[in-house]
Amino acid sequence: MSNSSWPDWLPIRSNLTGMSAYGAPQLPVAVKLNTNENPFGLEKELVDKILTGIKEKSAALNRYPDRDANQLRALLANFINKLSNTKFDEHNIWAANGSNEIIQSIFLAFGGNGALGFEPSYSVHKIIAQVTNTPWYVVARNADFSLNIPEILAAITKSKPSITFVTTPNNPTGTASGIEELKQIAVQMKKVGGLLVVDEAYAEFSSHLSAATLINEFENVLVIRTMSKAFAFAGVRLGYLVANTQVINAMMIVRLPYHLSSLTQAAAQVALENADLLLGKVAQLRDARDKLITKLEQLGLTVAPTQANFILFTGFKNTSSQLWQGLVDKGVLIRDVGLPSYLRVSVGTEAENDKFISELTSLIK
Ligand SMILES: *Cc1c(COP(=O)(O)O)cnc(C)c1O
(Lines give C-alpha, C1' and ligand atoms only; values in the text may rest on other atoms or scores of the structure.)
Protein backbone atom coordinates (compact mmCIF):
# COMPACT_ATOMS: atom_id res chain seq x y z
CA MET A 1 0.00 0.00 0.00
CA SER A 2 1.51 3.32 -0.97
CA ASN A 3 1.30 5.84 1.82
CA SER A 4 0.75 9.19 0.19
CA SER A 5 -1.93 8.61 -2.42
CA TRP A 6 -5.19 8.43 -0.47
CA PRO A 7 -8.01 9.84 -2.61
CA ASP A 8 -9.82 12.96 -1.46
CA TRP A 9 -13.15 11.13 -1.09
CA LEU A 10 -11.75 8.69 1.48
CA PRO A 11 -12.28 9.93 5.05
CA ILE A 12 -9.25 8.07 6.42
CA ARG A 13 -8.25 9.17 9.91
CA SER A 14 -5.54 11.82 9.81
CA ASN A 15 -3.25 9.81 12.10
CA LEU A 16 -3.14 7.04 9.44
CA THR A 17 -2.45 9.03 6.28
CA GLY A 18 1.36 8.83 6.51
CA MET A 19 1.45 5.12 7.34
CA SER A 20 2.10 2.04 5.21
CA ALA A 21 1.11 -1.55 5.95
CA TYR A 22 3.50 -3.48 8.22
CA GLY A 23 5.19 -6.61 7.00
CA ALA A 24 8.33 -8.25 5.76
CA PRO A 25 8.40 -9.20 2.07
CA GLN A 26 6.84 -12.67 1.56
CA LEU A 27 8.95 -13.97 -1.32
CA PRO A 28 8.90 -17.47 -2.85
CA VAL A 29 12.46 -18.47 -1.89
CA ALA A 30 13.88 -21.87 -0.92
CA VAL A 31 15.43 -20.71 2.35
CA LYS A 32 13.22 -18.49 4.47
CA LEU A 33 15.03 -17.06 7.49
CA ASN A 34 13.26 -13.71 7.89
CA THR A 35 10.40 -13.95 10.40
CA ASN A 36 11.82 -15.91 13.36
CA GLU A 37 9.46 -18.85 12.95
CA ASN A 38 10.41 -22.30 14.17
CA PRO A 39 11.73 -23.95 10.97
CA PHE A 40 10.45 -27.42 11.87
CA GLY A 41 6.99 -28.44 10.71
CA LEU A 42 4.67 -30.38 13.01
CA GLU A 43 5.17 -34.10 13.41
CA LYS A 44 2.51 -36.40 12.01
CA GLU A 45 1.51 -37.63 15.48
CA LEU A 46 0.67 -34.07 16.45
CA VAL A 47 -1.04 -33.24 13.16
CA ASP A 48 -3.35 -36.21 13.74
CA LYS A 49 -4.14 -35.11 17.30
CA ILE A 50 -4.93 -31.58 16.12
CA LEU A 51 -7.21 -32.92 13.40
CA THR A 52 -9.04 -35.03 15.97
CA GLY A 53 -9.44 -32.01 18.26
CA ILE A 54 -10.79 -29.89 15.43
CA LYS A 55 -13.10 -32.65 14.24
CA GLU A 56 -14.65 -32.91 17.69
CA LYS A 57 -15.48 -29.19 17.58
CA SER A 58 -16.66 -29.12 13.99
CA ALA A 59 -20.22 -30.40 14.43
CA ALA A 60 -20.81 -27.45 16.78
CA LEU A 61 -19.48 -24.80 14.39
CA ASN A 62 -23.04 -23.48 14.04
CA ARG A 63 -22.50 -22.08 17.56
CA TYR A 64 -20.28 -19.22 18.65
CA PRO A 65 -17.06 -20.25 20.40
CA ASP A 66 -16.47 -20.16 24.16
CA ARG A 67 -16.35 -16.38 24.33
CA ASP A 68 -13.79 -16.22 27.09
CA ALA A 69 -11.76 -19.30 26.07
CA ASN A 70 -11.82 -20.55 29.66
CA GLN A 71 -10.41 -24.04 29.05
CA LEU A 72 -7.62 -22.74 26.86
CA ARG A 73 -6.72 -20.03 29.39
CA ALA A 74 -6.51 -22.64 32.16
CA LEU A 75 -4.10 -24.70 30.04
CA LEU A 76 -2.00 -21.61 29.32
CA ALA A 77 -1.87 -20.84 33.06
CA ASN A 78 -0.63 -24.40 33.72
CA PHE A 79 1.99 -24.05 31.05
CA ILE A 80 3.37 -20.81 32.53
CA ASN A 81 3.19 -22.21 36.08
CA LYS A 82 5.31 -25.19 35.06
CA LEU A 83 7.91 -23.02 33.34
CA SER A 84 8.12 -20.26 35.91
CA ASN A 85 7.05 -21.95 39.13
CA THR A 86 4.12 -19.53 39.53
CA LYS A 87 0.51 -20.03 40.70
CA PHE A 88 -1.65 -18.42 38.03
CA ASP A 89 -5.10 -19.57 36.97
CA GLU A 90 -7.29 -18.66 33.98
CA HIS A 91 -8.19 -15.31 35.58
CA ASN A 92 -4.55 -14.25 35.12
CA ILE A 93 -4.51 -15.12 31.41
CA TRP A 94 -5.97 -13.51 28.31
CA ALA A 95 -5.69 -15.15 24.87
CA ALA A 96 -6.08 -13.66 21.40
CA ASN A 97 -5.24 -14.05 17.72
CA GLY A 98 -1.49 -13.65 18.10
CA SER A 99 0.31 -11.46 20.57
CA ASN A 100 -0.16 -8.60 18.13
CA GLU A 101 -3.85 -8.60 19.03
CA ILE A 102 -2.88 -8.66 22.71
CA ILE A 103 -0.72 -5.57 22.10
CA GLN A 104 -3.61 -3.83 20.35
CA SER A 105 -5.98 -4.60 23.24
CA ILE A 106 -3.43 -3.26 25.73
CA PHE A 107 -3.32 0.01 23.79
CA LEU A 108 -7.12 0.19 23.58
CA ALA A 109 -7.53 -0.41 27.31
CA PHE A 110 -4.58 1.46 28.78
CA GLY A 111 -2.97 3.76 26.20
CA GLY A 112 -4.66 6.94 27.41
CA ASN A 113 -1.55 8.78 28.59
CA GLY A 114 0.86 7.56 25.96
CA ALA A 115 3.34 4.73 25.65
CA LEU A 116 7.13 4.50 25.97
CA GLY A 117 9.44 2.14 24.11
CA PHE A 118 13.18 1.52 23.82
CA GLU A 119 14.37 1.41 20.24
CA PRO A 120 15.52 -0.38 18.22
CA SER A 121 12.78 -2.83 19.11
CA TYR A 122 9.68 -4.54 17.77
CA SER A 123 8.14 -1.92 15.49
CA VAL A 124 4.56 -3.18 15.91
CA HIS A 125 4.41 -1.52 19.36
CA LYS A 126 4.94 1.87 17.75
CA ILE A 127 2.66 1.11 14.80
CA ILE A 128 -0.26 0.20 17.07
CA ALA A 129 0.42 3.36 19.08
CA GLN A 130 0.01 5.34 15.86
CA VAL A 131 -3.07 3.43 14.75
CA THR A 132 -4.76 3.96 18.12
CA ASN A 133 -3.69 7.61 18.19
CA THR A 134 -1.57 7.08 21.30
CA PRO A 135 1.44 9.36 21.91
CA TRP A 136 4.65 7.30 21.46
CA TYR A 137 7.75 8.20 23.46
CA VAL A 138 11.18 6.71 22.80
CA VAL A 139 14.39 6.26 24.75
CA ALA A 140 17.22 4.95 22.57
CA ARG A 141 18.99 1.79 23.67
CA ASN A 142 22.73 1.96 24.39
CA ALA A 143 25.18 1.17 21.55
CA ASP A 144 25.28 -2.47 22.70
CA PHE A 145 21.42 -2.49 22.69
CA SER A 146 21.15 -2.72 26.48
CA LEU A 147 18.63 -0.51 28.29
CA ASN A 148 19.72 2.99 29.31
CA ILE A 149 18.19 2.79 32.78
CA PRO A 150 18.97 6.35 34.01
CA GLU A 151 17.42 7.87 30.89
CA ILE A 152 14.46 5.51 31.07
CA LEU A 153 13.69 6.43 34.68
CA ALA A 154 13.96 10.13 33.81
CA ALA A 155 11.71 9.75 30.75
CA ILE A 156 9.04 8.01 32.82
CA THR A 157 9.07 10.84 35.37
CA LYS A 158 8.88 13.42 32.60
CA SER A 159 6.29 11.92 30.23
CA LYS A 160 4.25 9.82 32.71
CA PRO A 161 3.26 7.25 30.07
CA SER A 162 0.49 4.84 30.98
CA ILE A 163 2.35 1.95 29.29
CA THR A 164 6.05 1.15 28.94
CA PHE A 165 7.18 -1.68 26.65
CA VAL A 166 10.28 -3.79 27.18
CA THR A 167 10.88 -6.57 24.66
CA THR A 168 13.17 -9.25 26.08
CA PRO A 169 14.83 -11.04 24.39
CA ASN A 170 14.56 -7.97 22.20
CA ASN A 171 13.61 -8.11 18.54
CA PRO A 172 15.54 -7.36 16.28
CA THR A 173 18.66 -7.39 18.46
CA GLY A 174 18.25 -10.68 20.40
CA THR A 175 19.65 -9.05 23.52
CA ALA A 176 17.95 -9.74 26.87
CA SER A 177 17.26 -7.52 29.89
CA GLY A 178 17.77 -8.76 33.44
CA ILE A 179 14.97 -9.07 35.98
CA GLU A 180 16.54 -6.38 38.21
CA GLU A 181 16.31 -3.82 35.41
CA LEU A 182 12.67 -4.75 34.83
CA LYS A 183 11.96 -4.28 38.54
CA GLN A 184 13.45 -0.78 38.47
CA ILE A 185 11.22 0.15 35.55
CA ALA A 186 8.15 -1.43 37.19
CA VAL A 187 8.75 0.62 40.37
CA GLN A 188 9.11 3.83 38.38
CA MET A 189 5.98 3.08 36.33
CA LYS A 190 4.06 2.44 39.52
CA LYS A 191 5.02 5.92 40.75
CA VAL A 192 3.32 7.48 37.69
CA GLY A 193 0.32 5.14 37.78
CA GLY A 194 1.41 3.19 34.70
CA LEU A 195 2.00 -0.38 33.52
CA LEU A 196 5.16 -2.19 32.47
CA VAL A 197 4.46 -4.51 29.54
CA VAL A 198 7.16 -7.11 28.95
CA ASP A 199 6.98 -8.68 25.48
CA GLU A 200 8.49 -12.14 25.88
CA ALA A 201 7.82 -13.55 22.39
CA TYR A 202 11.16 -15.42 22.53
CA ALA A 203 11.28 -16.35 26.23
CA GLU A 204 11.44 -20.11 25.61
CA PHE A 205 14.83 -19.63 23.90
CA SER A 206 16.25 -17.50 26.73
CA SER A 207 18.04 -18.51 29.91
CA HIS A 208 16.66 -15.48 31.78
CA LEU A 209 13.90 -15.63 34.40
CA SER A 210 10.47 -14.67 33.00
CA ALA A 211 8.93 -11.39 34.13
CA ALA A 212 5.85 -13.48 34.94
CA THR A 213 7.62 -14.13 38.24
CA LEU A 214 7.25 -10.39 39.07
CA ILE A 215 3.46 -10.16 38.71
CA ASN A 216 2.66 -11.21 42.29
CA GLU A 217 4.87 -8.47 43.71
CA PHE A 218 4.15 -5.84 41.03
CA GLU A 219 0.49 -5.76 40.00
CA ASN A 220 1.41 -3.32 37.22
CA VAL A 221 3.57 -5.84 35.31
CA LEU A 222 2.04 -7.49 32.21
CA VAL A 223 3.77 -10.28 30.29
CA ILE A 224 3.00 -11.03 26.64
CA ARG A 225 3.79 -14.50 25.26
CA THR A 226 3.07 -16.25 21.98
CA MET A 227 2.83 -19.72 20.46
CA SER A 228 4.23 -18.35 17.18
CA LYS A 229 7.95 -18.77 17.79
CA ALA A 230 9.32 -21.55 20.02
CA PHE A 231 5.97 -23.37 19.89
CA ALA A 232 6.15 -23.80 16.09
CA PHE A 233 2.54 -22.66 15.83
CA ALA A 234 2.70 -19.31 13.98
CA GLY A 235 -0.01 -20.30 11.51
CA VAL A 236 -2.59 -20.79 14.26
CA ARG A 237 -2.30 -17.22 15.61
CA LEU A 238 -2.33 -17.64 19.36
CA GLY A 239 -0.83 -15.08 21.69
CA TYR A 240 -1.56 -14.54 25.36
CA LEU A 241 -1.15 -12.22 28.28
CA VAL A 242 -0.18 -13.09 31.85
CA ALA A 243 -1.23 -10.40 34.33
CA ASN A 244 -3.14 -9.37 37.43
CA THR A 245 -6.85 -10.31 37.26
CA GLN A 246 -7.89 -6.62 37.12
CA VAL A 247 -5.80 -6.21 33.98
CA ILE A 248 -7.50 -9.24 32.44
CA ASN A 249 -10.92 -7.79 33.35
CA ALA A 250 -10.05 -4.65 31.39
CA MET A 251 -8.92 -6.72 28.39
CA MET A 252 -12.42 -8.22 28.32
CA ILE A 253 -13.93 -4.75 27.91
CA VAL A 254 -11.97 -4.04 24.73
CA ARG A 255 -11.97 -7.49 23.11
CA LEU A 256 -14.35 -8.16 20.24
CA PRO A 257 -17.11 -10.62 21.08
CA TYR A 258 -16.15 -14.20 20.09
CA HIS A 259 -12.74 -13.05 18.83
CA LEU A 260 -11.06 -16.44 19.16
CA SER A 261 -12.53 -19.08 16.85
CA SER A 262 -13.51 -22.54 18.09
CA LEU A 263 -10.97 -24.04 15.69
CA THR A 264 -8.15 -21.87 17.02
CA GLN A 265 -9.08 -22.76 20.59
CA ALA A 266 -9.23 -26.47 19.75
CA ALA A 267 -5.87 -26.50 17.97
CA ALA A 268 -4.17 -24.53 20.72
CA GLN A 269 -5.58 -26.79 23.44
CA VAL A 270 -4.20 -29.88 21.70
CA ALA A 271 -0.86 -28.13 21.29
CA LEU A 272 -0.67 -27.28 24.98
CA GLU A 273 -1.60 -30.82 25.96
CA ASN A 274 1.37 -31.87 23.81
CA ALA A 275 3.69 -29.00 24.65
CA ASP A 276 6.71 -31.28 24.97
CA LEU A 277 6.31 -32.44 21.37
CA LEU A 278 6.07 -28.88 20.06
CA LEU A 279 8.87 -27.45 22.18
CA GLY A 280 11.08 -30.46 21.51
CA LYS A 281 13.23 -28.61 19.00
CA VAL A 282 14.01 -25.59 21.18
CA ALA A 283 17.26 -26.98 22.60
CA GLN A 284 18.35 -28.03 19.12
CA LEU A 285 17.62 -24.52 17.80
CA ARG A 286 19.65 -22.96 20.62
CA ASP A 287 22.62 -25.19 19.70
CA ALA A 288 22.19 -24.36 16.02
CA ARG A 289 22.10 -20.66 16.93
CA ASP A 290 25.39 -20.93 18.81
CA LYS A 291 27.00 -22.74 15.86
CA LEU A 292 25.76 -20.08 13.49
CA ILE A 293 27.23 -17.35 15.71
CA THR A 294 30.62 -19.07 15.60
CA LYS A 295 30.48 -19.28 11.81
CA LEU A 296 29.51 -15.62 11.44
CA GLU A 297 32.37 -14.62 13.73
CA GLN A 298 34.77 -16.78 11.73
CA LEU A 299 33.75 -14.71 8.70
CA GLY A 300 34.94 -11.62 10.60
CA LEU A 301 31.41 -10.42 11.36
CA THR A 302 30.17 -9.02 14.68
CA VAL A 303 27.12 -10.51 16.34
CA ALA A 304 24.87 -8.96 19.01
CA PRO A 305 24.65 -11.30 22.04
CA THR A 306 21.37 -13.15 21.48
CA GLN A 307 19.01 -15.10 23.73
CA ALA A 308 16.50 -15.63 20.91
CA ASN A 309 16.23 -17.81 17.79
CA PHE A 310 17.72 -15.13 15.54
CA ILE A 311 20.97 -13.24 15.17
CA LEU A 312 21.62 -9.59 14.37
CA PHE A 313 24.99 -9.19 12.68
CA THR A 314 27.17 -6.43 11.25
CA GLY A 315 30.72 -5.85 9.99
CA PHE A 316 30.15 -6.44 6.27
CA LYS A 317 31.29 -3.87 3.68
CA ASN A 318 28.19 -4.02 1.47
CA THR A 319 25.18 -1.93 2.44
CA SER A 320 22.44 -3.87 4.26
CA SER A 321 20.11 -3.65 1.29
CA GLN A 322 22.79 -4.80 -1.20
CA LEU A 323 23.69 -7.81 0.89
CA TRP A 324 20.02 -8.59 1.56
CA GLN A 325 19.25 -8.49 -2.18
CA GLY A 326 22.34 -10.55 -2.99
CA LEU A 327 21.10 -13.28 -0.67
CA VAL A 328 17.56 -13.12 -2.10
CA ASP A 329 19.04 -13.60 -5.58
CA LYS A 330 20.63 -16.82 -4.25
CA GLY A 331 17.32 -18.00 -2.77
CA VAL A 332 17.99 -16.99 0.84
CA LEU A 333 15.58 -14.54 2.49
CA ILE A 334 16.73 -12.84 5.70
CA ARG A 335 15.56 -9.54 7.25
CA ASP A 336 16.70 -6.00 6.63
CA VAL A 337 15.36 -4.50 9.84
CA GLY A 338 16.14 -0.92 8.84
CA LEU A 339 19.22 -0.63 11.06
CA PRO A 340 22.02 0.72 8.84
CA SER A 341 24.86 -1.85 8.40
CA TYR A 342 22.98 -4.62 10.24
CA LEU A 343 20.97 -7.63 9.06
CA ARG A 344 18.97 -10.21 11.02
CA VAL A 345 18.83 -13.92 10.30
CA SER A 346 16.49 -16.45 11.92
CA VAL A 347 17.93 -19.82 12.90
CA GLY A 348 16.73 -22.45 10.44
CA THR A 349 17.31 -26.14 9.89
CA GLU A 350 20.89 -27.29 9.56
CA ALA A 351 20.65 -27.36 5.76
CA GLU A 352 19.16 -23.86 5.67
CA ASN A 353 21.83 -22.47 7.97
CA ASP A 354 24.59 -24.06 5.83
CA LYS A 355 23.11 -22.63 2.65
CA PHE A 356 22.89 -19.17 4.26
CA ILE A 357 26.51 -19.30 5.42
CA SER A 358 27.85 -20.49 2.07
CA GLU A 359 25.98 -17.83 0.08
CA LEU A 360 26.93 -15.15 2.60
CA THR A 361 30.57 -16.20 2.41
CA SER A 362 30.64 -15.75 -1.36
CA LEU A 363 28.90 -12.36 -1.15
CA ILE A 364 31.05 -10.66 1.50
CA LYS A 365 34.47 -11.79 0.24
C1 LIG B 1 6.86 -12.18 16.50
C2 LIG B 1 6.65 -11.20 17.60
C3 LIG B 1 5.37 -10.94 18.10
C4 LIG B 1 4.11 -11.37 17.38
O5 LIG B 1 3.77 -12.59 17.55
P6 LIG B 1 2.32 -13.16 17.17
O7 LIG B 1 1.96 -13.84 18.44
O8 LIG B 1 2.58 -14.07 16.04
O9 LIG B 1 1.40 -12.05 16.85
C10 LIG B 1 5.23 -10.14 19.21
N11 LIG B 1 6.30 -9.57 19.78
C12 LIG B 1 7.54 -9.75 19.30
C13 LIG B 1 8.69 -9.08 19.96
C14 LIG B 1 7.75 -10.56 18.19
O15 LIG B 1 8.98 -10.68 17.68
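As the structure lists them, so they are numbered: ligands from 1, and atoms in each ligand from 1.
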Measuring from atom CG of Asp336 to atom CD of Gln322, what distance do you get when rounded to the nearest 0.5 angstrom?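 Reported value, rounded in 0.5 Å steps: 11.5 Å.
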
Between the main-chain N or O of Asn81 and the side-chain N or O of Ser84, is there a donor-acceptor pair closer than 3.5 Å?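 Not confirmed, Ser84 side chain does not pair with Asn81 backbone.
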
Are the side chains of Ser210 and Arg225 in contact, using a 4.5 Å heavy-atom criterion?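 Yes. Closest side-chain heavy atoms under 4.5 Å.
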
Tabulated below should be the N or O atoms of ligand 1 paired with protein N or O atoms at under 3.5 Å; can you produce that?
from     : atom 1 : to     : atom 2 : distance (Å)
ligand 1 : 5 (O)  : Ser99  : OG     : 3.0
ligand 1 : 7 (O)  : Ser99  : N      : 2.6
ligand 1 : 7 (O)  : Ser99  : OG     : 2.7
ligand 1 : 7 (O)  : Thr226 : OG1    : 2.5
ligand 1 : 7 (O)  : Ser228 : OG     : 3.4
ligand 1 : 8 (O)  : Ser228 : OG     : 2.6
ligand 1 : 8 (O)  : Arg237 : NH1    : 2.7
ligand 1 : 9 (O)  : Ser99  : N      : 3.1
ligand 1 : 9 (O)  : Asn100 : N      : 3.1
ligand 1 : 9 (O)  : Asn100 : ND2    : 3.2
ligand 1 : 9 (O)  : Arg237 : NH2    : 2.9
ligand 1 : 11 (N) : Asp199 : OD1    : 3.2
ligand 1 : 11 (N) : Asp199 : OD2    : 2.8
ligand 1 : 15 (O) : Asn171 : ND2    : 2.8
ligand 1 : 15 (O) : Tyr202 : OH     : 2.6
ligand 1 : 15 (O) : Lys229 : NZ     : 3.2

Considering only residues two or more places apart or on different chains, which pairs with a residue in residues 188-198 satisfy side-chain hydrogen bond (donor to acceptor under 3.5 Å, both in side chains)?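 For residues 188-198, and leaving out neighbouring residues, the side-chain hydrogen bond (donor to acceptor under 3.5 Å, both in side chains) pairs sorted by first residue read Thr157-Gln188, Gln188-Lys191, Lys190-Glu219.
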
Quick one: side-chain hydrogen bond (donor to acceptor under 3.5 Å, both in side chains) pairs with a partner in residues 272-289, sequence neighbours left out?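 Applying side-chain hydrogen bond (donor to acceptor under 3.5 Å, both in side chains) to every pair that reaches into residues 272-289, excluding sequence neighbours, yields Lys49-Asn274.
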
Sequence neighbours excluded and cut-off under 3.5 Å, please list the side-chain donor-acceptor pairs for residues 262-272, or say none.
from   : atom 1 : to     : atom 2 : distance (Å)
Thr264 : OG1    : Ser261 : OG     : 3.1
Gln265 : NE2    : Asp66  : O      : 3.0
Gln265 : NE2    : Leu260 : O      : 2.9

